[in-house]
Amino acid sequence: MSKVAPTLEDVARIAGVSRATVSRVVNGTRNVDPELQETVRNAIEQTGYTPNRVARSLVTRRTGTVALVISGAGGGSDVFTDPFFGRVTAGVVDFLRGHSVHPVLMLADSDHARTEVVEFLRQGSADGALLVSTHPADPLPARLLEAGVPSVLYARPGRPMPVSYVDMDHRAGGRLAADHLVAAGRYNITAISGPMDVLASQDRHAGFRDAMARHGIPYVPTVEGGFTAESGAAAMHRLLVECPDLDAVFAANDLMAQAAVDVLHEHGLRVPDDVAVVGFDDSAPALACRPQLTTIRQPVERIAAQMADLLLADLEKPGQRPKSVIFEPELVVRASA
């Protein structure tokens with residue numbers, strides 16, 4: 001005789017809660033007390049209950065998945081080796097896990113790939129999109145909006161549009177870096193910017209230059225990098241040729257800052273005694289660098305989780321006005337400056 005499959009009622013009885021509460025937890029409904037969620041999940045594990053996802057999707061009209069779309073970042077190897085994208089993914093996955101929602105990673109590095117993303121979402125294969133778009137001219141945010149796909153962006157869109165996004169005040173981060181270097185007594189200060197077609201790079205550099213001007217330094221020799229170690233090393237070599245008496249470098253991310261430190265060591269310069277170095281992001285390279293990097297912390301995991309939270313809120317109550325959430329940067333002082 002076959003064993004009868006456990007039901008919602010069985011889970012509710014073991015958990016000591018109502019059937020409706022179990023249903024809310026199983027369906028990933030927001031605003032359920034975390035302790036209640038844990039109690040229900042333990043009861044689900046104890047009973048061996050398995051939700052009928054097909055039946056649930058017929059009732060809720062939701063798949064229980066969302067697309068994490070990374071657009072314009074190049075090939076897959078760039079995404080999987082860049083600490084930034086890894087931190088975004090970790091933040092999204094950790095948040096969604098607590099709501100019984102699963103992410104589907106999609107890379108949109110070409111017009112064809114972007115079309116595939118739009119069709120995938122338009123057909124209802126996922127409930128919405130968490131979009132990390134690296135270039136302001138990226139057409140994907142507008143295409144998702146036109147297709148009526150619920151979406152939230154990591155960083156403000158390249159042009160104004162009615163879509164929710166989460167970002168950090170990158171200008172304030174640049175100002176923090178400049179203030180710290182000036183307060184440390186550095187005067188021959190240089191910079192390695194990120195790609196200047198990226199809004200975050202523009203803002204970080206603009207904030208840095210604005211703060212330097214307020215400190216009476218109207219010009220900062222700058223070489224544009226590409227947010228990669230290779231570009232950071234090349235920029236540092238060039239700065240040493242063009243500004244041999246430099247005593248400080250602000251690099252627009254930690255990968256470039258770590259590469260700059262390596263180049264300075266190759267030239268027999270001590271960090272921070274001869275040259276102070278400040279990075280940006282507070283990612284893994286900041287701790288791997290020797291000496292460890294003073295940097296501007298971008299709370300990537302928290303931003304990614306907030307992005308997922310906004311999307312789930314929109315899925316629960318469609319038609320809400322778009323929202324923006326802006327996080328503040330933080331100066332993290334270590335040994336490099």
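Hydrogens, waters and symmetry mates are skipped; everything else that's a heavy atom, side chains included, is used. All residue numbers refer to positions in the sequence shown, counting from 1.
Residues Leu96 and His102 form no side-chain contact, since every pair of their non-hydrogen atoms from C-beta on lies 4.5 Å or further apart. When side chains are defined from C-beta on, Arg290 does not count as touching Val261, because their heavy atoms never get closer than 4.5 Å. Contact of the Val278 side chain with the Val249 side chain is not registered, since no non-hydrogen atoms from C-beta on lie closer than 4.5 Å. The side-chain heavy atoms of Thr294 and His180, taken from C-beta on, include a pair separated by under 4.5 Å. A heavy-atom distance below 4.5 Å is not found between the side chains of Asp167 and Phe327. Considering only heavy atoms from C-beta on, Gln298 stays 4.5 Å or farther from Glu330 through its side chain. Counting heavy atoms from C-beta on, the side chains of Met236 and Leu246 come closer than 4.5 Å. At a threshold of 4.5 Å between non-hydrogen side-chain atoms, the residues Val17 and Val11 do not count as touching.
Ser71 and Asp138 form a side-chain donor-acceptor contact under 3.5 Å, judged by distance and modelled atom types alone. Counted by atom type alone, Arg321 and Ser164 present zero donor-acceptor pairs between their side chains at under 3.5 Å. No side-chain donor from either of Asp282 and Thr295 sits under 3.5 Å from a side-chain acceptor of the other.
Under a hydrophobic clustering in which Ile, Leu, Val, Met, Phe, Trp and Tyr are joined whenever their side-chain heavy atoms come within less than 4.5 Å, directly or via other members, Leu199 and Tyr154 fall into different clusters. Leu176 and Leu293 fall into different hydrophobic clusters, where Ile, Leu, Val, Met, Phe, Trp and Tyr residues are linked whenever their side-chain heavy atoms come under 4.5 Å apart, directly or through other members. At a threshold of 4.5 Å between side-chain heavy atoms, the hydrophobic network of Ile, Leu, Val, Met, Phe, Trp and Tyr places Met168 and Leu130 in one connected group. Val132 and Val325 fall within a single hydrophobic cluster, where Ile, Leu, Val, Met, Phe, Trp and Tyr side chains are chained together by heavy-atom contacts under 4.5 Å. There is no path of hydrophobic side-chain contacts, each under 4.5 Å, that joins Ile189 to Val277.
Other members of the hydrophobic cluster containing Val149, listed by chain and number, are Val69, Val104, Met106, Val117, Val118, Phe120, Leu121, Leu131, Leu140, Leu144, Leu145, Leu153, Met161, Val163, Tyr165, Ile326; membership follows side-chain contacts under 4.5 Å among ILVMFWY residues, whether direct or relayed.
At most 12 non-hydrogen atoms from other residues, nucleotides or ligands lie less than 6.0 angstrom from CZ of Arg302. With a 6.0 Å radius and a threshold of 12 heavy atoms from other residues, nucleotides or ligands, Arg114 has its CZ atom above the threshold.
Of all heavy-atom pairs spanning Gly268 and Asp274, the tightest one is O-OD2, 4.4 Å. Closest heavy-atom contact between Met307 and Val92: CE-CG2, 4.1 Å. The nearest pair of heavy atoms linking Gly226 to Pro195 is CA-CG, 3.8 Å. Heavy atoms only, all atoms of each residue included: Ala211 and Ala178 are closest at CB-CB, 3.6 Å. Between Leu239 and Pro221, the shortest heavy-atom distance links the atoms CD2-O, 4.1 Å. Taking both residues in full, the closest heavy atoms of Asn188 and Asp245 are given as ND2-O, 3.3 Å, listed atom of the first, atom of the second, then distance.
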Q: May I have the step-by-step check of side-chain contact (heavy atoms from CB on, under 4.5 Å) for Arg209 and His205, ending in yes or no?
A: CA-CA 6 Å; Arg209 288 173 49 223; His205 192 57; 3.1 Å; yes

**Q.** Trace of the side-chain contact (heavy atoms from CB on, under 4.5 Å) decision for Asp203 with Arg156
**A.** CA-CA 12 Å; Asp203 287 349; Arg156 76 180 191 272; 2.7 Å; yes

**Q.** side-chain contact (heavy atoms from CB on, under 4.5 Å) evaluation trace for Val241 with His237
**A.** CA-CA 7 Å; Val241 171; His237 280 296; 5.9 Å; no

(Q) Run the side-chain contact (heavy atoms from CB on, under 4.5 Å) test on Ser283 and Arg87 for me, step by step, so that the C-alpha distance in whole Å, both residues' side-chain angles and the decisive distance to 0.1 Å come before the verdict. (A) CA-CA 8 Å; Ser283 55; Arg87 293 176 67 192; 3.8 Å; yes

Q: Before giving the answer on side-chain hydrogen bond (donor to acceptor under 3.5 Å, both in side chains), spell out for Thr47 and Asp10 the whole-Å C-alpha distance, their side-chain angles and the decisive distance to 0.1 Å.
A: CA-CA 7 Å; Thr47 59; Asp10 296 325; over 6 Å; no

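Going from atom CZ of Arg143 over to atom OG1 of Thr115 covers 4.0 Å, rounded to the nearest 0.5 Å. Within the model, atoms CG of Leu255 and CD of Glu230 stand 8.5 Å from one another, a figure rounded to the nearest 0.5 Å. In this structure, OG on Ser151 lies 12.0 Å from CG on Leu310, to the nearest 0.5 angstrom. To the nearest 0.5 Å, the span separating NE2 on His265 from CG on Asp262 amounts to 7.5 Å. Of the inter-residue distances, the one linking Tyr187 atom OH with Leu181 atom CG reads 12.0 Å to the nearest 0.5 angstrom. Here Leu315 contributes atom CG and Gln320 contributes atom CD; the two are 10.0 Å apart, rounded to the nearest 0.5 Å.
Salt-bridge check for Arg171 with Asp210: passed, with a basic side-chain N closer than 4.0 Å to an acidic carboxylate O. Classification of Arg41 and Glu45 as a salt-bridged pair fails, no side-chain N sitting under 4.0 Å from a carboxylate O. Electrostatic pairing of Arg122 and Glu119 counts as a salt bridge here, judged by a charged N lying under 4.0 Å from a carboxylate O. With respect to Arg186 and Asp247, no salt bridge is recorded, no charged nitrogen being found less than 4.0 Å from a carboxylate O. With respect to Asp309 and Lys323, no salt bridge is recorded, no charged nitrogen being found less than 4.0 Å from a carboxylate O.
Note on ring orientation: taking the six-membered ring where Trp is involved, the planes of Phe280 and Phe250 are tilted (angle from 30° to 60°).
Phe227 pairs by the ring-ring contact (aromatic ring centres under 6.0 Å, His included) definition with nothing, not counting sequence neighbours.
Between the side chain of Gln292 and the backbone N or O of Arg334 there is no donor-acceptor pair closer than 3.5 Å.
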